[in-house]
Every structure is written in C-alpha cells, then in structure tokens.
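Structure first, then comments.
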Amino acid sequence: MTADLQALLGRYSVGPKHLVEPGPDDAQLATMVQAALHAPDHAELVPYRFKLVRGDARAQMATLFADAARAAGKGEEGAVLDAERALRPPVTVAVVARIDLGHPLVPAHEQWAALGGAISNFLTAAHALGFGGKMLSGAKVRNAAIAAAFCEPGETLLGWIALGTPSRKPAGPSRKPDPGQVLIDWHLPCKGD
Ligand SMILES: Cc1cc2nc3c(=O)[nH]c(=O)nc-3n(C[C@H](O)[C@H](O)[C@H](O)COP(=O)(O)O)c2cc1C
C-alpha cells in the first residue's frame, strides 16, 4: 500500500481528552489548509473559513463555552467541563460555512459537500503529519454569543476541529462498514418492479 493510502485508510479521530502538546505550527497548519483547498469544490467558491484558536484565545473561547453551558442549564459542573473542551486541545480550528444560497450555478447542498470534503482533507493531512484531530460541534454552535463571536452575518458556525499530538492509539478496530455495503452495481430499474 502506498504511504498516501496508508494515511487515508489509517486516519481516525482523536478527541480533545487525548490531545497533548505540541500542536501543529504555522507551516503545518498551512499544509492542512492546502489539503482542504484541494477537495472538490464546484465553481471554486471556497464556501468556508477556518479560524485558528490558540494561545490566549483558548481562554476567551473557554469563557464563551462556559457561559453557553450555564445558559443551557448545565450548571457549574457543566460549565467547567465545556471550558475544559476549549482549553485542552493545543490548537482548535473553528469551521465557518459561507453558503451562498442564491448562487446561480451551485446549490447549497453542493457547497456543503465541498465543505465536508475540505474538513476530511484537513483531518487526513493532520494525521499524515503525525497529529490527531476530531471534528466536533454540539448545541453550542447554535448559541447566539458563540456564533456571533466566530461568524460574520450570513455565515454558519459548523463546529471546531480539535488538534494536537495524540496521546494514544485508537481504542479498538475500525467500526467502518464493509465497502460492499456502500458500493452497489447500478442498473436501470425494470418497468413493473
Ligand atoms: C460536522 C461534524 C460534526 C461532528 N460533531 C461531533 C460532535 O459534536 N461530537 C462527536 O463525538 N463527534 C462529532 N462528529 C463525528 C466525529 O468527528 C468523528 O467523525 C466520529 O467520531 C467518527 O470517528 P472517525 O473519524 O475516527 O471515524 C462530527 C462530525 C462532523 C463531520
């Protein structure tokens, strides 16, 4: 198997609990974004932005997360847990969608598909560079204060990619379905079926 395929087939998500320093540096992050930009993207709209949260900005995001947890009725324990989700990963990348609902050629679902491909390429590049990462969302993406802190009008906060050095290998075997469940020979349905 080629190294490229090994990186692709060996990728797995690593949650914030299992991410430690060091996080990726500027050049490594730029490579991840380059990989994201190589995903299929109809009309090259680049319908997304990645916003880096690192250093002191993590504490600012932690405050937003804790306030959102309190507003959602999670109490002080929930607030501490959610703040921890912002503080633990060495680097977090907020994923912001910029979907043009009125585009004459590219409908919204194609733009979302382009964003999905970008996230996938980003995470595969992170893995190939030796980092762990996980795409995360949760109800807090719909919290008004958090959304306003990350988005311009018309943008949507999809979630965050937590990034760092994995402190452990995946817990068990891959839960992915057999390719045969997904790859199906197509024929025109017979009339009367
Ligand atoms: C847009 C998006 C949001 C996600 N949000 C969460 C989340 O909030 N919590 C979570 O545990 N997994 C979430 N996931 C799934 C994980 O990122 C991951 O894909 C899943 O745990 C499967 O692990 P794997 O990537 O190792 O196959 C999300 C995935 C996507 C694409």
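If you read the sequence from its start, that first residue is 1, and numbering goes on from there. Note that ligands are numbered from 1 as they come in the structure, with each ligand's atoms numbered from 1 the same way.
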Run the side chain to side chain contact (heavy atoms under 4.5 Å, CB included) check on Tyr48 and Arg98 step by step: do they pass? CA-CA 5 Å; Tyr48 50 83; Arg98 298 157 59 106; 5.8 Å; no
Examine distances only and state if a side-chain atom of [X] and a backbone atom of [Y] form a donor-acceptor pair shorter than 3.5 Å.
X: Glu110; Y: Pro107; result: no
X: Lys51; Y: Phe150; result: yes
X: Asp41; Y: Val46; result: yes

Option set Met135, Arg11, Arg85, criterion heavy-atom distance to atom 6 (C) of ligand 1, minimum: Met135
Relative to atom 10 (C) of ligand 1, which among Ile119, Leu136, Leu123 owns the nearest non-hydrogen atom? Leu136
Using heavy atoms and a 4.0 Å limit, tell me yes or no: is Gly138 in contact with ligand 1? yes
Can a salt bridge be assigned to the pair Asp26 and Arg54 using a cut-off of 4.0 Å between side-chain N and carboxylate O? yes
Ion pair check, Lys17 and Glu84, cut-off under 4.0 Å: no
Go through ligand 1 atom by atom and flag the ones less than 4.0 Å from a non-hydrogen atom of Lys176. 24 (P), 27 (O)
Need the ligand 1 atom indices (1-based, order shown) with element for anything under 4.0 Å from a heavy-atom of Tyr12. 26 (O)
Please list the nearest protein heavy atom to [atom] with its residue and the distance rounded to 0.1 Å.
atom: atom 23 (O) of ligand 1; result: Ser13 OG, 3.6 Å
atom: atom 7 (C) of ligand 1; result: Ser137 N, 3.5 Å
atom: atom 22 (C) of ligand 1; result: Arg175 NH2, 3.8 Å
atom: atom 12 (N) of ligand 1; result: Lys134 CE, 3.7 Å

Quick one, Ile146 and Val141 - any side-chain contact, counting heavy atoms below 4.5 Å? no
